[in-house]
Q: 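Sharing a structure, written as structure tokens. Questions coming.
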Amino acid sequence: QWYQRRVHGKQWYQRRVHGKQWYQRRVHGKQWYQRRVHGLKNIDPAREKRLNGSVVLPMPPKTKLRVCVFANAKHAEECGPAGVDCLLVEDLRKFKRNKTKVKALAKQYDAFIASSTLIRQVPRLLGPTLNKIGKFPSALSPNEKVEKKIIELQSTIKFQLKFKAGMPMALACAIGNVNMSQEQIETNLTVAVNFLVSLLKKGWQNIKRIHIKSTMGPPQRIFGI
């Protein structure tokens with residue numbers, strides 16, 4: 001059974017197979033991701049409410065990540081040569097905590113970075129909207145370079161799942177893209193799987209099966225029955 005819906009002007013497809021949900025999508029119309037899909041088991045939703053964690057992979061899978069920097073004067077100078085969009089404190093004041101304008105800004109980018117000297121002012125200047133939609137900026141210390149921080153964001157994957165009774169216990173994340181070599185994907189896959197196992201109380205006993213797939217490609221089972 002196939003379902004089709006349009007979100008933010010992009011086409012999304014969903015398929016339910018054996019009670020599990022699979023997600024397939026084209027990202028920004030350019031890059032295809034290698035995604036790893038997990039099926040979990042032996043988890044009691046009454047006792048375990050959510051799974052949450054992030055890990056930095058050796059190779060960045062999300063090389064097309066759109067990033068905007070809330071920058072001080074020093075970091076603003078770095079953004080120009082790096083070709084990265086940035087907003088100064090004067091630009092942030094123009095939003096006047098308007099939810100509609102902040103949401104429109106959030107749709108333009110996948111992630112935000114803010115200079116450490118500016119990050120405390122973000123809630124006061126933009127309101128709580130970025131935090132509510134999960135795009136509150138990461139801190140950029142005075143000694144960090146903008147380009148290096150962006151590579152770190154491109155390499156970071158998150159595991160987030162809220163356990164609910166009757167809902168499929170499955171999650172997916174990007175561990176590579178089709179431009180990466182097999183060795184690079186295997187390295188990222190190993191790091192991602194080991195980190196996920198460390199988040200689960202019973203380790204491998206909580207993992208029912210693992211699949212790997214490209215964005216619009218068929219899933220290939222690599223673990224489980």
Q: Does Gln121 use its side chain to pair, donor to acceptor, with the backbone of Leu118 at less than 3.5 Å?
A: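 No, because the side chain of Gln121 does not come within donor-acceptor range (under 3.5 Å) of the backbone of Leu118.
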Q: Answer yes or no: is there a donor N or O on one side and an acceptor on the other, between the side chain of Asn177 and the main chain of Pro61, under 3.5 Å?
A: yes
Q: Give a yes or no on whether the backbone of Leu88 and the side-chain of Asp91 come within a donor-acceptor separation of less than 3.5 Å.
A: yes
Q: Enter the distance from Ile113:CD1 to Ser138:OG here, rounded to the nearest 0.5 Å.
A: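 Answer rounded to 0.5 Å: 6.5 Å.
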Q: With a 4.5 Å cut-off on side-chain heavy atoms, are Val84 and Ile150 touching?
A: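 Side chain of Ile150 against side chain of Val84, heavy atoms only: contact under 4.5 Å found.
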Q: I'd like to know if the side chain of Gln220 reaches the main chain of Ile212, judged simply by a donor and an acceptor atom lying under 3.5 Å from each other, with no hydrogens or angles considered.
A: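 No, the answer is negative, given that no donor and acceptor are paired below the 3.5 Å cut-off.
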Q: Quick check on the 6.0 Å ring-centre criterion: do Phe70 and Phe112 meet it?
A: yes
Q: Can Leu140 be reached from Leu92 by stepping across I, L, V, M, F, W or Y side chains whose heavy atoms are under 4.5 Å apart?
A: no
Q: Hey, what do you get for CG (Leu125) to CG (Leu130), rounding to the nearest 0.5 Å?
A: 11.0 Å
Q: So if you build clusters from Ile, Leu, Val, Met, Phe, Trp, Tyr with side-chain heavy-atom gaps below 4.5 Å, do Leu105 and Val69 land together?
A: no
Q: Please report the closest heavy-atom contact between Phe159 and Cys173, naming both atoms and the distance.
A: CE2-SG, 3.8 Å
Q: When you measure from the side chain of Arg124 to the backbone of Arg97, do you find a donor-acceptor pair of N or O atoms at a distance under 3.5 Å?
A: no
Q: Side-chain heavy atoms nearer than 4.5 Å, only ILVMFWY residues, links allowed to pass through others: does that put Leu196 and Phe223 together?
A: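 Yes; Phe223 is reachable from Leu196 via cluster members.
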Q: Run the side chain to side chain donor-acceptor pair (under 3.5 Å) check on Glu144 and Ser141 step by step: do they pass?
A: CA-CA 5 Å; Glu144 283 186 296; Ser141 68; 3.3 Å; yes
Q: Are there over 12 heavy-atom neighbours, none belonging to Glu186, within less than 6.0 Å of that residue's CD?
A: yes
Q: Using 0.5 Å steps for rounding, measure from the CZ atom of Arg221 to the NE2 atom of His211.
A: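 One gets 4.5 Å once the value is rounded to the nearest 0.5 Å.
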Q: Looking at every heavy atom in both Pro123 and Phe136, which two are closest together, and how far apart are they?
A: CG-CE1, 4.0 Å
Q: Where the side chain of Asn188 meets the backbone of Ile175, is there a donor-acceptor pair that is under 3.5 Å apart?
A: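 Pair found, side chain donor or acceptor close to backbone of Ile175.
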Q: Output the distance between atom CG (Asn194) and atom CG (Leu199), rounded to the nearest 0.5 Å.
A: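 These two atoms lie 11.0 Å from each other.
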Q: From His75 NE2 over to Ser116 OG, what is the distance, rounded to the nearest 0.5 angstrom?
A: 7.0 Å
Q: Between Pro58 and Val191, is any pair of side-chain heavy atoms under 4.5 Å apart?
A: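 Yes - at least one pair of side-chain heavy atoms lies under 4.5 Å apart.
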Q: Are the side chain of Lys149 and the backbone of Ala139 linked by a donor-acceptor contact shorter than 3.5 Å?
A: yes
Q: Do Val56 and Val193 share a hydrophobic cluster (ILVMFWY, side-chain heavy atoms under 4.5 Å, transitive)?
A: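 Not linked; separate clusters.
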Q: With clusters defined by side-chain heavy atoms of hydrophobic residues (ILVMFWY) lying less than 4.5 Å apart, directly or transitively, does Ile119 cluster with Leu87?
A: yes
Q: Please report the shortest heavy-atom distance between Met180 and Pro60, naming the atom on each side.
A: SD-O, 4.3 Å
Q: Without swapping roles, check the side chain of Asp110 against the backbone of Arg66 for a donor-acceptor pair under 3.5 Å.
A: yes
Q: So do the side chains of Thr129 and Lys103 get within less than 4.5 Å of each other, counting heavy atoms only?
A: yes
Q: Check whether any side-chain N or O of Lys96 sits under 3.5 Å from a backbone N or O of Leu126 as a donor-acceptor pair, and report yes or no.
A: no
Q: How long is the gap from CG on Asn72 to SG on Cys86, to the nearest 0.5 Å?
A: 10.0 Å
Q: For Pro219 versus Lys213, what's the shortest heavy-atom pair and its separation?
A: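 Looking at all heavy atoms of both residues, the closest pair is CA-CB, 3.7 Å.
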Q: Which heavy atom in Thr156 sits nearest to a heavy atom in Ser54, and how many Å separate them?
A: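 Reported closest heavy-atom pair: CG2-CB, 4.0 Å.
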Q: Tell me if a side-chain donor or acceptor on Lys135 pairs with a main-chain N or O of Tyr109 at a distance below 3.5 Å.
A: yes
